[in-house]
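Down below is the structure, laid out as C-alpha cells.
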Amino acid sequence: MSKTVADILIDRLVDWGVRTIFSFPGDGINGIFEALRTRSQDIQLIQVRHEEAAAFAACGYAKFSRRLGVCLATSGPGGIHLLNGLYDAKMDGQPVLAITGHTFHDLIGTHYQQDVDLDKLFMDVAAYNERIMGPAHVRNVVDEAIKTAISKRTVAHITIPKDIQDWTSDGARSKANIPNHSADLYTEAFPLPPQSLLQQAADIINQGSKVAILAGRGCLPARKEVIALAEKVGAPIVKPLLGKAVVPDDHPYTTGGIGLLGTAPSQEVLQECDTLILAGTSFPYMEFYPKPGRAKAVQIDIDPARIGLRYPVEMGLVGQCWDVLRALLPLVQHKPNRDFLTNAQEKVHRWNQLMEERGTRTDMPMKPQVIAHQLNDVLTDDAIICCDTGTVTTWAARHIKIKGTMEFSASGTLATMACGLPYAVGAAVAHPGRQVVCFAGDGGFTMLMGELATIVKYQLPVKIIVVKNNVLGMIKWEQLAMEGNPQYGVQLQPINFADFARACGAEGYTVEDPRQVPSLLKKAFSQPGPALIEAVVDPNEPPLPGKATVDQALTFAKALARGTKDRWGIIKTVVEDKVREVV
C-alpha cells in the first residue's frame, strides 16, 4: 500500500527521533492527524487547548530536554496562533519545528477559506520555511528543516496544503531528486578558538584584579567549568535570568541575578569590576553592564555574530562554553587576592538576610515574596521551574533558590506573558519522573489557563502557583516608576482560580494568610496529580529594582503626586520596604 505525504512526514520525524508533537486539531491537518493515529505507538500526540500553547510547549520541551520541539497547527488561524510561542523559541535560541496545514493547493491565492499565505507569514520567525509540493519532496524538506532548527538553535517551518497531505507516493520524481539521498543525521559542531586567541584571552583575565563572570544560558551544561574558573580567579558569578540554574543560589561564588529583577550585589559587582567574562549570554539590558571602557572583557559564545553585541569586548572566543572554558582554564593564573570576591560575599550575606526577612513576613495582606520564598521548602533537588512573565518573575528570580540539578526558565528575550503553563506541559512530557512547577501571575495564567485541562487530561503532576493580586502588576509599576503616569487599564476582574482548577479536575487551594502557606504547600505538593495554589497577595507590593536610581525615584514620586489610585497604600508599602532595608 502506497504511503501518503502525511505518512512519509511522520515516518521521517520518527526516523529523526521525534517522539512528541504538541498540537490542536483542525481540518487543514486531518491527513497528518490520520498518519499520527496510525503511528501512535511511535509518536505521542499531546492535544493542547490553543495553538499558541502548542508552540510554547514545544519551546519548553526543547529548553528542558535539549532536544527538538515540534508543534503542529491547522491552516489559516491555527498557524497564526503559533507565532508568539515560535518567536519565544527564536529569541531564546531553542530548536523548534513548526508544521502547518494550508488550503487546497489549487485554490491558494484565490481568497478561499483560511487562505493565509503561511510561507510569507513565517518568513521572519523561521530560519527555514518551505511548502511541501508532493510525496518526493517530503524527505528532503523535513531533513533540511530539522537540521536548520538544531544547528541554528531556532525555528523551522513546513507547510503542506490540505489535499497534498493525502497524495500517495507512486515513485514519480524529478531526475535530479535521487531517492534516499538525504540523511537523518545531524552532527554537532564543537569549534575551539586557536591557542593564540585563548592565550590572549587568558592574558586579559590574568591582568585583572577585579574579575567578574556573567554566566548565561549557554553555561547551563558548564557548571563545573564556570565554578572552576571562578575559584581560580576569585570571581563573583553573576547570573542573567536564563542562567539562573548555572550555579546553585547558595554557592559562595554567586551574587545572584542581574537587571531590574536582580540583586544589588550583582549590580555592584558589574559596576566595580575591571575585567568581565561574558559566557554564553546576550543579556540585553546594556545599562547594567560596566560603562564602556570601565572593564576589559572576554566573551565566549557559540554564535560569532553575538561577539561584542552588548559590550565592547577585547577578545571573542567562539565555541561551546564548556569546551572553551576547559581549554582556557590551564592558561588562567590563580589569583591569591580575594578582596573583590569577599566584599561581594559580604553584600550577598546582607542581601540574603533582607530576602529572608521579606519572604517570611506575616503581615496582611500577604506579600507576594512569601509564597515564592516558602516554595523552596517543598522543591526537590531536581525540580523544573517554569516561570511566567510579570512581577512574578521578580519574586521567582530573587526568592526561588536553585539547588542540586534544578532547572529554571522563563521567556527571556521576548518576555511574553502566558508561557509558564505550556512550558510546564512541555517540561512534564519531557521529564515524566521529575517535579515540575509553574509559577505564574493571575494575568499571564489567565491568557492560556485552558492548558490546565491539558495537564489533567494527560495526568501530568504539575504543581501551579498563581500569584493573585487582580492587577497587571508589572505594567502598573512601569506606568508609575518608569513613565511617571498614574496606573490605568491594569486592574483585572477577579477569578476564583481554585474553583477553576477543581472544575478542570485538578486539586485547587486558596491561601491568603502567610502563616498558612507552609502547611498548604506541603498538602498541595503531596498530591500525586496536578494541583493549583491560588496565593492572594498585596497588590501594592512593588517589584523594586535591587538598586533604585534617583531618576526612578523621582518618576515614581511624580506619578503618585498626579493622583494614582491607592497612592497612600503604595507609599506606605514602599516606605515600609525601604525602612526594612535600612534596619
Checking Lys232 side chain against Val332 main chain: does a donor-acceptor pair fall under 3.5 Å?
-> yes
In terms of side-chain geometry, is the basic nitrogen of Arg338 or Glu231 positioned less than 4.0 Å from the acidic oxygen of its partner?
-> no
Of Thr416, Asn84, Asp88, which is the lone residue that meets side-chain hydrogen bond (donor to acceptor under 3.5 Å, both in side chains) with Ser411?
-> Asp88
Indicate yes or no: at least one non-hydrogen side-chain atom of Met406 is less than 4.5 angstrom from one of Asp382.
-> no
Given side-chain hydrogen bond (donor to acceptor under 3.5 Å, both in side chains), test Glu356 with His373 step by step and report yes or no.
-> CA-CA 8 Å; Glu356 176 73 21; His373 194 82; 2.9 Å; yes
State, with a plain yes or no, whether a side-chain heavy atom of Val537 is found less than 4.5 Å away from one of Lys367.
-> no
Check against side-chain hydrogen bond (donor to acceptor under 3.5 Å, both in side chains), Thr263 and Ser266 | CA-CA 5 Å; Thr263 72; Ser266 286; 3.1 Å; yes
Test Val462 against Val425 for side-chain contact (heavy atoms from CB on, under 4.5 Å), laying out the working first.
-> CA-CA 8 Å; Val462 175; Val425 172; over 6 Å; no
Quick one: are Tyr488 and Ile475 in side-chain contact, heavy atoms under 4.5 Å?
-> no
Using 4.0 Å as the upper bound for N to carboxylate O, is an ion pair formed by Glu534 and Lys468?
-> yes
Can Asn540 and Lys476 be said to form a side-chain hydrogen bond (donor to acceptor under 3.5 Å, both in side chains), step by step?
-> CA-CA 10 Å; Asn540 289 329; Lys476 167 184 173 177; 3.2 Å; yes
Would you say Ser409 and Cys386 make side-chain contact, with heavy atoms under 4.5 Å?
-> no
Going through the checks in order, is the side-chain contact (heavy atoms from CB on, under 4.5 Å) test met by Phe283 and Leu242?
-> CA-CA 9 Å; Phe283 174 67; Leu242 294 184; over 6 Å; no
Compare all side-chain heavy atoms of Val313 with those of Val298 and state whether any distance is below 4.5 angstrom.
-> no
Evaluation steps, salt bridge (Lys or Arg N to Asp or Glu O under 4.0 Å), between Glu272 and Arg294 = CA-CA 8 Å; Glu272 297 170 6; Arg294 172 69 179 81; over 6 Å; no
Taking side chain as C-beta onward, heavy atoms only, is Pro422 less than 4.5 Å from Leu448?
-> yes
For Met91, does its backbone N or O pair with a side-chain atom of Thr413 as donor and acceptor, under 3.5 Å?
-> yes
Worked check of side-chain contact (heavy atoms from CB on, under 4.5 Å) between Ile258 and Val269 | CA-CA 10 Å; Ile258 187 64; Val269 163; over 6 Å; no
Output yes when Asp303 and Lys152 qualify as a salt bridge under the 4.0 Å nitrogen-oxygen rule, no when they do not.
-> no
Run the side-chain hydrogen bond (donor to acceptor under 3.5 Å, both in side chains) check on Gln207 and Asp203 step by step: do they pass?
-> CA-CA 6 Å; Gln207 292 164 11; Asp203 291 343; 5.6 Å; no
Are side-chain N/O atoms of Lys210 and Asn337 paired as donor and acceptor at under 3.5 Å?
-> no
Verify whether one side chain among Tyr289 and Arg310 offers a donor that lies under 3.5 Å from an acceptor in the other.
-> no
When Lys63, Arg153, Arg217 are each screened for salt bridge (charged side-chain N to carboxylate O under 4.0 Å, His left out) with Asp92, the one that passes is Lys63
Looking only at heavy atoms, what is the nearest atom pair of Pro290 and Leu276, with distance?
-> CD-CD2, 3.8 Å
Is a side-chain donor-acceptor pair under 3.5 Å present for Arg306 with Ser282?
-> yes
Considering only heavy atoms from C-beta outward, does the side chain of Cys321 approach that of Asp301 to under 4.5 Å?
-> no
For Tyr253, what residues pass the ring-ring contact (aromatic ring centres under 6.0 Å, His included) criterion, not counting sequence neighbours?
-> His251
Met417 vs Asp388 side-chain heavy atoms within contact, under 4.5 Å = yes
Should Gln271 and Phe288 be marked as a side-chain contact (heavy atoms from CB on, under 4.5 Å) after you check the CA-CA gap, both sets of side-chain angles, and the distance that decides it?
-> CA-CA 8 Å; Gln271 288 174 346; Phe288 292 96; over 6 Å; no
